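The next block holds one structure in the form of structure tokens; read it before the comments.
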Amino acid sequence: MPMRIRVRPVGVCLLAFGLLAVTLSAPVAQERGGDGFRIQPTDIEVGIFFSGASVRIDAPVPMDYDIVVACEGKARPLTLKRRGKVAGVLWMSVAEITFDQIPPLYHVSSTRDLAALAPAATLAEWGFGYPVLKARNSETNSDTEPYFGELVKLKESEGLYSVLSGEVTVSPQSGGGGRASVVCKLPAKTPPGDYVVRLVGFRDGRGELLGSGTVSVREAGFVAFITKLAREHGLLYGLLAVGVALGVGLLTGRLFGRSSKRGH
Amino acid sequence: MNLSIYLPVAGNSINVVLLLGLGGLVGFLSGLFGVGGGFLMTPLLIMLGVPPTVAAASDSNQIVAASASGAYAHARAGAIDFKMGTLLLLGGLGGGSVGVWIIKWLRAIGEADSLIKVTYVVMLGGIGAYMFFESLEGLRGKRRLPKTDVTRPSFLARLVAGLPWKMRFPRSHVTLSALTPLLLGALVGVLSAVMGVGGGFIMVPVMVYLLRMPMHVVVGTSLFQILFNCVNVTILQAALNHTVDFVLALLLLVGSVVGAQLGAKVNTRLKADQLKILMAVIVLAVMTQMLLGLLLRPAVLVGYTGGG
């Protein structure tokens with residue numbers, strides 16, 4: 001007698017949804033540049049429980065190289081409020097200041113202090129270090145120079161900027177050479193977009209690109225739906241937001257009213 | 001365990017328990033004092049990492065729920081003067097529009113931030129100190145009785161008495177010109193637009209000290225007009241500036257509607273002077289925090305545009 005198996009439609013849907021979710025959320029490793037260069041994951045989905053992500057970058061490297069790993073977004077203009085003293089007593093916003101080339105994310109990690117790896121001109125060519133970013137902005141707007149340090153403080157406090165030496169580790173491999181690795185932390189505040197990752201080896205003051213790739217941060221699911229609704233259908237979104245708030249408020253008022261009546 | 005939730009419009013992740021607790025605390029104050037709580041909630045949200053414009057707009061959205069819940073409770077208790085509330089609301093909407101234009105002009109000449117902060121400190125300091133000392137006298141039983149044998153009323157009293165369109169407000173037990181709540185509503189509307197808040201903490205003292213309304217009616221009536229003001233602000237902010245974060249507002253409002261009900265219950269158990277002195281302490285604490293923010297050197301000398 002053939003065995004009959006009851007299949008519940010809800011169970012099938014949940015199983016399918018689970019498999020789909022696992023498939024979609026599985027981290028994808030990327031290899032580009034040199035052999036064995038890996039970025040994991042390369043696609044980060046910003047869902048409702050997103051609280052930041054860690055991206056592991058590793059690659060085989062010669063043992064006598066110093067390594068720098070950079071993860072950065074495309075530079076764009078950024079206008080900030082500048083705070084200063086008014087009437088000699090009160091700290092207030094006194095003016096706006098525009099930096100012309102500010103990456104939304106800028107993490108640079110290295111095996112040693114950047115200044116010990118290469119001359120300033122070489123580091124500038126590679127775009128490594130805060131002095132390089134400062135100089136780029138001062139070229140087009142010299143007024144930004146005194147406030148660049150404050151901008152770095154602001155971005156570092158949000159976890160969007162860091163320049164760290166000693167963060168990249170190189171471990172010897174059995175077949176010769178070593179494997180460099182570093183974990184780049186993207187905070188929850190990371191704006192959606194594509195971020196370029198470069199792994200550069202330095203020897204005798206000269207750099208060599210050993211690997212590069214891209215990390216994509218994308219809004220997904222409910223977050224993407226809400227963001228799209230808020231940006232593209234603002235009036236409808238506002239009416240819905242007010243409707244839900246009114247509904248919840250009145251419902252709670254009614255429920256509490258009833259319970260208080262029962263209480264008396 | 002990850003208790004953080006991502007806020008799509010704010011673009012940041014914040015602990016859920018923290019947001020529910022914050023909503024509950026501000027909702028409690030809302031139900032207790034008849035204030036929207038924007039003057040307290042917005043700075044706290046900014047401290048948690050929400051962009052200032054998103055904090056202010058989402059706060060308006062959650063105040064809709066808290067004030068609807070609170071107003072419902074007060075309406076059932078017969079503690080809303082709908083006639084007075086409607087006139088104050090009409091004046092407030094007109095004044096709010098004027099205030100929006102004033103702030104637009106000030107932003108254009110680069111003086112908006114300075115004016116907002118100084119106005120905050122002066123208003124909060126003045127109202128808080130007056131309420132505190134007045135309530136303290138009341139609690140000590142030293143309040144001077146109003147002089148009934150005054151032969152020559154003050155200029156303000158004569159001005160108010162001379163206004164046309166006298167109206168009886170039975171629930172508040174006062175007879176006033178319809179212009180009085182309209183003009184006072186407009187004045188509060190201007191101030192609340194300039195300061196970027198719902199205006200409950202200004203409206204409550206106006207009702208108590210200028211309109212001479214009884215405290216138990218003041219709270220419900222204030223919530224009634226805050227509700228409509230915040231509905232208006234939320235829709236405008238969502239449609240024009242896209243700064244309302246629904247997820248943030250939803251978490252805050254879940255906490256705040258519960259807090260508002262508890263606040264409304266406590267409200268009926270406290271004396272008017274006890275309520276006023278508590279409100280005064282909170283207003284003065286916020287004023288002190290803002291004043292320190294103005295006097296002490298900030299940790300970072302630059303900040304994002306778009307908020308206080």
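First the proteins, then the strands, lettered A, B, ... as listed; each starts at 1. Every value quoted in this text rests on a predicted model; they were computed, and no experiment measured them.
Of all the listed residues (B:Val258, B:Thr234, B:Val244), the one sharing the greatest number of non-hydrogen pairs under 4.5 Å with chain A is B:Val244. Note on B:Ala249, B:Ala73, B:Ala299, B:Pro298: by heavy-atom pairs under 4.5 Å with chain A, the leading option is B:Pro298. Chain A forms the most heavy-atom pairs under 4.5 Å with one residue out of B:Ser69, B:Gly293, B:Ser67, B:Ala10, and that residue is B:Ser69. Note on A:Gly238, A:Ser51, A:Pro192: by heavy-atom pairs under 4.5 Å with chain B, the leading option is A:Ser51.
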- Item | Stepwise side chain to side chain contact (heavy atoms under 4.5 Å, CB included) test for A:Thr227 and B:Val9 | CA-CA 6 Å; A:Thr227 310; B:Val9 176; 5.7 Å; no
- Task: Report the C-alpha separation of B:Leu295 and A:Trp91 in whole Å, then their side-chain angles, then the decisive distance to 0.1 Å, and conclude whether the side chain to side chain contact (heavy atoms under 4.5 Å, CB included) test is met.
- Result: CA-CA 6 Å; B:Leu295 295 175; A:Trp91 285 95; 6.0 Å; no
- Query: Going through the distances and angles, do A:Val244 and B:Phe246 end up as a side chain to side chain contact (heavy atoms under 4.5 Å, CB included)?
  - Reply: CA-CA 9 Å; A:Val244 171; B:Phe246 178 66; 3.8 Å; yes
- Message: Show, in sequence, the C-alpha distance, side-chain angles and deciding distance for A:Lys81 and B:Tyr304, and conclude whether the side chain to side chain contact (heavy atoms under 4.5 Å, CB included) test is met.
- Response: CA-CA 6 Å; A:Lys81 291 187 298 189; B:Tyr304 293 105; over 6 Å; no
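For the pair A:Glu150 and B:Leu301, the tightest heavy-atom approach, listed with the atom from each and the gap, is OE1-N, 2.7 Å. Between B:Ser13 and A:Phe50, the shortest heavy-atom distance links the atoms OG-O, 3.2 Å. Between A:Gly249 and B:Val257, the shortest heavy-atom contact is CA-CG1, 3.8 Å.
In terms of modelled atom types and a separation under 3.5 Å, the side chain of A:Arg231 and the main chain of B:His242 share no donor-acceptor contact.
Atom-to-atom distance recorded for A:Lys85:NZ and B:Arg297:CZ is 9.0 Å, nearest 0.5 angstrom. Taking CG of A:Leu250 as the reference point, atom OH of B:Tyr72 lies at 7.5 Å (rounded to 0.5 Å). Taking CG from A:Leu246 and CG from B:Leu227, the interatomic distance works out to 6.0 Å, rounded to the nearest 0.5 Å. Atom CD1 of residue A:Ile48 and atom CD1 of residue B:Ile5 lie 4.5 Å apart, to the nearest 0.5 angstrom.
For B:Leu7, no part lies under 4.5 angstrom from a heavy atom of chain A. Neither the backbone nor the side chain of B:Asn241 comes within contact range of chain A; no heavy atom of the residue lies under 4.5 Å from a heavy atom of that chain. Of the two parts of A:Val242, the backbone and the side chain both hold a non-hydrogen atom closer than 4.5 Å to a non-hydrogen atom of chain B. Using a 4.5 Å cut-off between heavy atoms, A:Phe222 touches chain B through its side chain atoms alone. B:Leu236 does not touch chain A: none of its heavy atoms, backbone or side chain, sits under 4.5 Å away. Using a 4.5 Å cut-off between heavy atoms, A:Lys228 makes no contact with chain B at all.
Side-chain atoms of A:Leu151 and B:Val300, non-hydrogen and from C-beta on, never get closer than 4.5 Å to each other. The shortest side-chain heavy-atom distance between B:Val302 and A:Tyr147 falls under the 4.5 Å cut-off.
Remark: B:Phe82 CZ is packed, more than 12 non-hydrogen atoms of other residues, nucleotides or ligands lying under 6.0 Å away. For NZ of A:Lys185, the number of neighbouring non-hydrogen atoms (other residues, nucleotides, ligands) closer than 6.0 Å is 12 at most.
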